[in-house]
Amino acid sequence: MDAAPEMIKGKAATTVERPLARVPLVLNKRNFSWLTERISGVVENPAPRWWWVSFTITGTVAMFGMFCLGYQISTGVGTWGLNHPVGWAWDITNFVFWIGIGHAGTLISAILFLLHQKWRTSINRSAEAMTLFAVMCAAIFPGVHVGRAWMAWFMAPVPTYYGIWQNFRSPLMWDVFAVSTYFTVSVLFWYTGLIPDLATLRDRATSKIKKFLFGFFACGWRGSNRNWRHYEMAYLLLAGLATPLVLSVHSVVSFDFATSILPTWHTTIFPPYFVAGAIFGGFAMVLTLMLPARAMFKLHDIITPQHIDKMAKIILLTGSFVTYAYVMEFFTAWYSGNAYERFAFWNRVFGPYWWYWWVGMLFCNMLSPQLFWFRWCRRNVYVVYFVCMCVNAGMWFERFIIIVGGLHRDFLPSSWGLFIPTWVDIWTFIGTLGIFTSLFLLFIRFLPMIAMSEVKITLPEADPHYGSTNGQQPAAAGGKERM
Amino acid sequence: MAAEYPSAAALYEAAKVVRDAGFKRWDVHSPYPIHGMDEAMGLKKSWLSAVVLAGGISGLLTAATMEFGPSSFLYPLTVHGKPTNFFTVPAFFPIMFELTILFSAFAAFFAMFIMNGLPRLHHPIFNWERFSRATNDAFFLVIEARDPRFTEIEARNLLEKSGGQHITIIHED
């Protein structure tokens, strides 16, 4: 870090150009007030017609989902297609699917923050919101699949009349703590990040109601440096806490399977494999939501091709992790010499759910992200969108293959069975897609979808040494000089 | 007394001037945190981290009590034929970890508010109409009249000398 400016000074004191100039993160030399205007404008201007159309559709789908949940809770788990031997199917698949999606938001907001990846600022707010909504959708499934959802409080370790306590050594109990902690910390992190931007909206608000509401939630923030000092420390520490947390959550989810003795579940590769898969699927969902939002609100100068390129590279990286894990599982099954393990993996590829593997795991998860080796593909939004859709679907199939694939062929052939979803299964899942998209649409309508105060730091003029005459131009990325 | 500065760089230089003049009750306002401003203002590292450490330790202890209390004493439950004593800690560890994170995060969140004196309903600075741009694109420096070194003439001179514009006196109400 120190060597670079020295080199420039020594080599060519007259030129101010850096040997490796960075592409600016905000294009067309936009200034602070343009950013404020454009991002706040999304919230302040009347909702565009497409927003109402989309919200009507997603809201209707969400209502279907709510109805199915109500029907399932009031009637019983028998409304789902669960039966012996498949006791976990779409419910837990959906749970793992949604919770995995959440992970990309935390990765962007926490891990990339610790790694000084300034490009995260354009996407972190909406990715964090996506995390919250995904975790909400995820929490529905374990909540209702227990059957008597009103007994869910049994999971809380409180003294009861019965004197019975929880088994704290159960992975399912770990799950309760991991997911609830994850949701709480994500909310705190998200809200902390929102405060300065809520203050911006408060200061721009025209109506009394808006002024009161934004003012209330902005908590009297006034951008004072004495406040920023503690704020930045709190933000850094929350990022530092969220980083191990996010890695632990999907590891704990994978323990639900890994601690069992079923073939294909009982593997030590699961924690890293699940975490990589979560980030893989989550980034695909971030792009799925961001690309339309970017086009609709004309945010091309803030979410630039560079951002999409970088996210595509992360999808390629994590997709390759996942591919490696898939291949390794087959190798381990063969190398173990265990007949049940070998059969389970043979069955994965050629059994009754063969096409789930060929389409979901092989094509969607292993092959489609390989397109991102090519710059042209990473820069073409249609290709990116296609791959993201493949990954979204592929990751759902992957979880289904792991869960139902492990269950439907029991140890005794007489206990074999298949899982056939009922309409309640199907509509509950589609309903959560509706809940998720509706919440996201509400979010972009009522809260700033891009972290204004954070994007402003990436502008070159944000640097306090900007325009100084000592021949050192700050990095285009702003802030700390990094080569 | 408040002044507006045209850029982050100007505010940064002005902060150094005010710091060297020996003022104590003053602050700068900017739409985003300016890196290096803490040194320019003569502020030390935030001690919020100490609060978070305390939060983390209390989370760990809470989890340990909550788990071993019932599992070892109140309702010993034999799982996998393993003992119920402290030596089986690995299986108890995930919840200890989660609660450590949870309590630390709450500590960071609430400590940030309390140390910043937030939430507060009003502040005299909001009486200045130019200040509404502090969260948009403007940079301000405010010296409070409560500062022991404060005199109207000296403060005004200092702000003018450092390049401040729109120098205004803001009243309490």
Side-chain angles (χ1 to χ4, degrees), chain A residues 31-33 36 157 163-170 173-174 177-178 181 184-185 188-189 191-192 196 199-200 202-204 219-234 237-238 241-242 244-245 248 252 255 452-454 456-457 461-468 479-480, chain B residues 7-9 11-12 15 27-38 40-41 43 45-46 48-49 52 66-67 70-71 74-75 77 79 82 88 91-92 94-95 97-99 101-102 104-106 108-109 111-113 115-116 118-123 125-126 131-137:
Chain A
N31 60 17
F32 296 132
S33 75
T36 314
I164 296 173
W165 287 85
Q166 290 74 18
N167 172 16
F168 294 104
R169 284 179 282 185
S170 160
M173 200 63 202
W174 303 344
F177 279 88
T181 301
T184 316
V185 173
L188 296 179
F189 197 29
Y191 183 62
T192 305
T200 305
R202 171 200 64 202
D203 292 341
R204 293 167 55 88
C219 300
W221 182 261
R222 47 189 196 283
S224 123
N225 191 58
R226 285 173 200 273
N227 288 0
W228 279 124
R229 183 169 69 115
H230 297 309
Y231 175 91
E232 283 203 286
M233 180 59 89
L237 289 169
L238 283 173
L241 292 165
L245 177 65
S248 84
V252 167
F255 291 159
M452 287 183 265
S453 64
E454 292 189 56
K456 283 173 188 167
I457 306 175
E461 64 262 41
D463 194 286
H465 305 293
Y466 177 70
S468 58
K480 282 203 181 107
Chain B
S7 70
L11 184 67
Y12 179 75
D27 210 338
V28 301
H29 299 264
S30 55
Y32 57 88
I34 298 171
H35 288 279
M37 188 53 96
D38 289 351
M41 282 181 71
L43 299 175
K45 183 175 155 284
S46 167
L48 189 134
S49 44
V52 177
M66 184 192 77
E67 292 187 273
S71 300
L74 297 174
Y75 189 74
L77 191 67
V79 179
K82 295 204 175 72
T88 56
F92 289 101
I95 294 179
F97 173 79
E98 300 298 341
L99 286 200
I101 299 276
L102 183 68
S104 308
F106 271 118
F109 182 77
M112 189 274 284
F113 275 99
M115 287 162 77
N116 284 340
L118 299 176
R120 60 180 293 165
L121 295 172
H122 195 63
H123 191 275
I125 190 116
F126 289 126
F131 191 75
S132 68
R133 285 179 54 225
T135 54
N136 177 359
D137 62 347

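Letters A, B, ... are given to chains in the order of the sequence lines, protein chains preceding strands, and every chain is numbered from 1.
Annotation: the span from B:Met66 atom CE to A:Gln166 atom CD amounts to 8.0 Å, rounded to 0.5 Å. B:Asn116 contributes atom CG, which lies 5.5 Å from atom CH2 of A:Trp221 (distance to the nearest 0.5 angstrom).
When heavy atoms are compared at a cutoff of 4.5 Å, B:Pro31 approaches chain A by way of both its backbone and its side chain. With a 4.5 angstrom heavy-atom cutoff, B:Ser30 touches chain A via backbone and side-chain atoms both. For B:Ile125, the part lying near chain A is the side chain, with the backbone staying farther off; criterion is any non-hydrogen pair under 4.5 Å. Contact annotation for B:Met41: only side-chain heavy atoms (C-beta onward) come within less than 4.5 Å of a heavy atom of chain A. Only the side chain of A:Trp228 comes within contact range of chain B, with heavy atoms under 4.5 Å apart.
A ring-centre distance under 6.0 Å is found for A:Phe32 and B:Tyr32.
Each of B:His123, B:Met112, B:His122, B:Lys82 has some count of heavy-atom pairs under 4.5 Å with chain A, and the biggest count is that of B:His123. Among B:Leu11, B:Asp38, B:Ile34, the residue making the largest number of heavy-atom pairs under 4.5 Å with chain A is B:Asp38. Looking only at heavy-atom pairs under 4.5 Å with chain B, the residue among A:Ser224, A:Ser248, A:Ser453, A:Ala234 that has the most is A:Ser224. Between chain A and the residues B:Ser71, B:Pro119, B:Pro94, B:Ala9, the largest count of heavy-atom pairs under 4.5 Å involves B:Pro94. Looking only at heavy-atom pairs under 4.5 Å with chain A, the residue among B:Val79, B:Leu74, B:Thr88 that has the most is B:Val79. Interface summary for chain A: among B:Ala134, B:Ser104, B:Ala40, the most heavy-atom pairs under 4.5 angstrom belong to B:Ser104.
Here the side chains of B:Leu43 and A:Arg226 are in contact, with some heavy-atom distance below 4.5 Å. With contacts defined as side-chain heavy-atom distances shorter than 4.5 Å, the pair A:Leu241/B:Val52 qualifies. Residues B:Pro33 and A:Ile457 are in side-chain contact: their nearest non-hydrogen atoms beyond the backbone lie under 4.5 Å apart. Using a 4.5 Å heavy-atom threshold, the side chains of A:Arg169 and B:Ile95 count as separate. Between A:Pro244 and B:Ile101 the shortest side-chain heavy-atom distance falls below 4.5 Å. Annotation: side chain of B:Ser49 is in contact with side chain of A:Leu237 (closest heavy-atom distance under 4.5 Å). Between B:Glu98 and A:Trp174 there is no side-chain heavy-atom pair separated by less than 4.5 Å. You'll find the side chain of A:Tyr231 stays beyond 4.5 Å of the side chain of B:Ser46, heavy atoms only.
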Audit row: B:Phe106, A:Leu188, side chain to side chain contact (heavy atoms under 4.5 Å, CB included) steps and yes/no: CA-CA 8 Å; B:Phe106 271 118; A:Leu188 296 179; 3.8 Å; yes

A:Met173 vs B:Glu67, side chain to side chain contact (heavy atoms under 4.5 Å, CB included): CA-CA, chis, key distance, verdict: CA-CA 11 Å; A:Met173 200 63 202; B:Glu67 292 187 273; over 6 Å; no

A:Phe189/B:Phe109 under side chain to side chain contact (heavy atoms under 4.5 Å, CB included): CA gap, chis, key distance, verdict: CA-CA 8 Å; A:Phe189 197 29; B:Phe109 182 77; over 6 Å; no

Trace of the side chain to side chain contact (heavy atoms under 4.5 Å, CB included) decision for A:Arg229 with B:Lys45: CA-CA 8 Å; A:Arg229 183 169 69 115; B:Lys45 183 175 155 284; over 6 Å; no

side-chain hydrogen bond (donor to acceptor under 3.5 Å, both in side chains) between A:Ser33 and B:Asn136, worked out: CA-CA 6 Å; A:Ser33 75; B:Asn136 177 359; 5.2 Å; no

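Of all the heavy atoms in A:Gly220 and B:Leu118, the pair that sits closest is O-CD2, 3.6 Å. Contact detail for B:Ala105 and A:Val185: the closest heavy-atom pair is CB-CG2, 3.7 Å. Scanning all heavy atoms of the two residues, the minimum distance from B:Phe113 to A:Cys219 falls at CE2-SG, 3.5 Å. Scanning both residues, A:Arg222 and B:His29, for their nearest heavy atoms gives O-ND1, 2.8 Å.
Using modelled atom types and a 3.5 Å distance limit, the side chains of B:Asp27 and A:Asn225 yield no donor-acceptor pair.
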